[in-house]
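A short worksheet on the structure shown next.
Protein chains get the first letters and strands the later ones, always in sequence-line order, with residue 1 at the start of each.
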Amino acid sequence: MPEKLTKKSENMPRWYTDVIRMAKLADYAPVKGCMVIMPYGFSLWENLKENLDRKIKETGHKNAYFPLLIPESFLRKEAEHVEGFAPEVAWVTQGGHDQLEERLAIRPTSEAMICHMYSKWIRSWRDLPVLINQWANILRWEMVTRLFLRTTEFLWQEGHTAHATYEESEEEVLRMLFMYRDFAEEYLAMPVMVGRKSESERFAGALHTYAIEALMSDGKALQAGTSHNLGQHFAKAFDIKFLDKDEKEKYVWQTSWGVSTRLIGGIVMMHGDDAGLILPPTIAPVQVVIVPIWDDRTKDRVGTAVNELCESLTKLCRVEADLRDEYRPGWKFNEHELRGVPVRIEIGPKDLDKGQVVLVRRDTKEKMFVPRGEVEDKISKVLGDIQRDLYERAVDFRIKHTYKVKSVEEMNEMLERERGIFDSHWCEDAACEAKVKQETKTTIRCIPFDDEQSSGPCLVCKKPGVRAYFARAY
RNA sequence: CGGGCGGUGGCGCAGCUUGGUUUAGCGCACCGGACUGGGGGUCCGGAGGUCGCGGGUUCGAAUCCCGCCCGCCCGACCA
């Protein structure tokens, strides 16, 4: 564990791993690329999950659980899908002492297994739509790994739906995409760009892929969630057919969509500062921490006041009193800042005399003196303010770091001094996309939905193209 | 998977170049005690290490050689 936190402004990659370990979100496991999500990190994940799960259910989906192991033959059914995932699949080849007749893949995603089951379950138009989500762990054999952002095993949620028509499936794909956007913005205070992925970034086996993309504070983009229209590729490969109202047998139209523990990495990078994490109040494991300032003479008075306030606030928020006697107040301040607790309340003898508490915002470090009688009202307001301000600061940052460019040369010029999103146009030819990538190391993060600036000359070949956001990415 | 760097008490490091007076040190953390307590306190005492793992060279290896594992940074592939 590093002793002192590296400054975020000086060395972001180092800061990132330091802060995660020092804040006890996660630790390295003995197997390459694997991590232990520690109680504080897991609590953050649980809060995130609880809110997202509710939104998934509100849109009509039900949770289920499919197995971890997938027979090789299933994975092979959809040609592009196999090829896309081949380099990242881990295999079980032996059970007990015996070699298996057929290798079993540890799921890199569950399309194959779920499609197999859907082919058994779906017979009639009356069985549709099928709207299922699962929370699961996933294994992908990655070359380069980073805590939360890319680990060999990770946790996620994957929705898998089947519909009678393309129109319905497309409606579902977009519904979930915008649900992700709302979730990221409202709960994680994470503004995102929304759009379609280019052909080269499309999910293996999908018709097309949409994504939410967030700009991190080092100017690199992070794909934060994806929503795929699988078309009928998997339905044909797995023989998922239904008898429609017109008495004709048809293949279903499918979607899948997911977000993962990567979101935690995004929250860390997006909001944190030199002092450590800054967690959005909605999902922070601890929203308010109360630190007593006491000595032997004042311990009783202060302790009583702290406990009384803590109990009262429990009804309003996730609050903790830090009564540890072995640490001094200054030490605690630093620790809670490192861990990103949104609000700190200090209570000492001087405050008791004045009938107040000291309240400090983590994001701005603003210190407020609040009469004891007004603390309850103030807390709710301040937590809301922090949530809103984090979001607004991130939006401002994104606006300041979005650059309109008309050519690769112009982009490279900007890249010499700035990182961010390059707002340009692209003719949708893969050759031009590859050229941009080669010369700038940026990729198309997404093609936003139609707007007034949606067409213009391609930044490479100058032929008419669609609007596209480019950035270097995680 | 290439290129670079690293792995020595829990953490961060020194020692390695030039193998042996080093009984493997230092800082922080940890344990006991005292004084303390509004931004990472002070003093006293204490415990803790098969030097990443496995081979090899040697009278002798933390130190030299080979292989492997893990991490970090930079590139090609990906949530």
Strictly by Watson-Crick or wobble contacts shorter than 3.5 Å, is anything paired with B:C51, and which nucleotide is it? none
Side chain of A:Glu335, base of B:G40: donor and acceptor closer than 3.5 Å? no
Report yes if at least one side-chain N or O of A:Lys437 is closer than 4.0 Å to OP1 or OP2 of B:C77; otherwise report no. yes
Among B:G37, B:C1, B:C73, the one nearest any side-chain atom of A:Val144 is B:C1
Could you write out each protein N or O paired with an N or O of nucleotides 67-71 of chain B at a distance under 3.5 Å?
from: B:G71; atom 1: OP1; to: A:Gly33; atom 2: N; distance (Å): 2.6
from: B:G71; atom 1: O3'; to: A:Tyr28; atom 2: OH; distance (Å): 3.2

Might you confirm whether atom CD of A:Gln438 has over 12 heavy atoms from other residues, nucleotides or ligands at distances under 6.0 Å? no
Backbone N or O of A:Ser256 within a donor-acceptor pair of the A:His160 side chain at under 3.5 Å? no
Nearest whole angstrom, please: distance from the C1' of B:C77 to the CZ of A:Arg202. 16 Å
Closest to the A:Met143 side chain: B:G38, B:C1, B:C77? B:C1
Complementary nucleotide of B:U63, counting Watson-Crick and G-U pairs under 3.5 Å: none
Looking at A:Glu172 and A:Arg175, does any basic side-chain N land under 4.0 Å from a carboxylate oxygen? yes
Rounded to whole Å, NZ of A:Lys441 lies from P of B:C74 at a distance of 12 Å
Sort out for me which residue in A:Phe449, A:Tyr210, A:Phe183 forms a ring-ring contact (aromatic ring centres under 6.0 Å, His included) with A:Phe178. A:Phe449
What is the distance, to the nearest angstrom, from the NE2 atom on A:His336 to the C1' atom on B:G40? 12 Å
Does any nucleotide pair with B:A24 by Watson-Crick or G-U wobble geometry, both distances under 3.5 Å, and what is it? none
Distance check needed: B:G37 P versus A:Asp351 CG, whole Å only. 16 Å
State the pairing partner of B:C5; accept Watson-Crick or G-U wobble contacts with both distances under 3.5 Å, and report none otherwise. B:G71
Want to settle it: does A:Gly330 or A:Glu201 sit nearer the 5' end of RNA chain B, counting the closest nucleotide to each? A:Gly330
What is the distance from CE of A:Met22 to P of B:G12, rounded to the nearest Å? 11 Å
Going by purine N1 to pyrimidine N3 plus the second Watson-Crick contact, or the G-U wobble pair, all under 3.5 Å, which nucleotide sits opposite B:G45? B:C31
Going through the distances and angles, do A:Tyr327 and A:Phe333 end up as a ring pair (Phe, Tyr, Trp, His ring centres under 6.0 Å)? CA-CA 10 Å; A:Tyr327 295 109; A:Phe333 297 167; over 10 Å; no
What integer distance in Å separates A:Asn334:CG from B:G40:C1'? 5 Å
Report which part of the nucleic acid A:Pro349 touches: base, sugar-phosphate, or nothing (heavy-atom distance under 4.0 Å, all strands). base
Let's see if you can work this out: which of B:G37, B:C73, B:G39 has an atom nearest to the side-chain heavy atoms of A:Trp294? B:G37
Which nucleotides of nucleotides 29-36 of chain B have their base under 4.0 Å from a protein heavy atom (B), which only their sugar-phosphate (S), and which neither (-), written as one string 5' to 3'? -S-----B
Looking at side-chain heavy atoms only, is the closest gap between A:Glu213 and A:Tyr469 below 4.5 Å? no
Any side-chain donor near an acceptor of the partner, A:Lys8 and A:Ser217, under 3.5 Å: yes
Testing the 3.5 Å rule here: is there a donor-acceptor pair between the side chains of A:Trp426 and A:Ser424? no
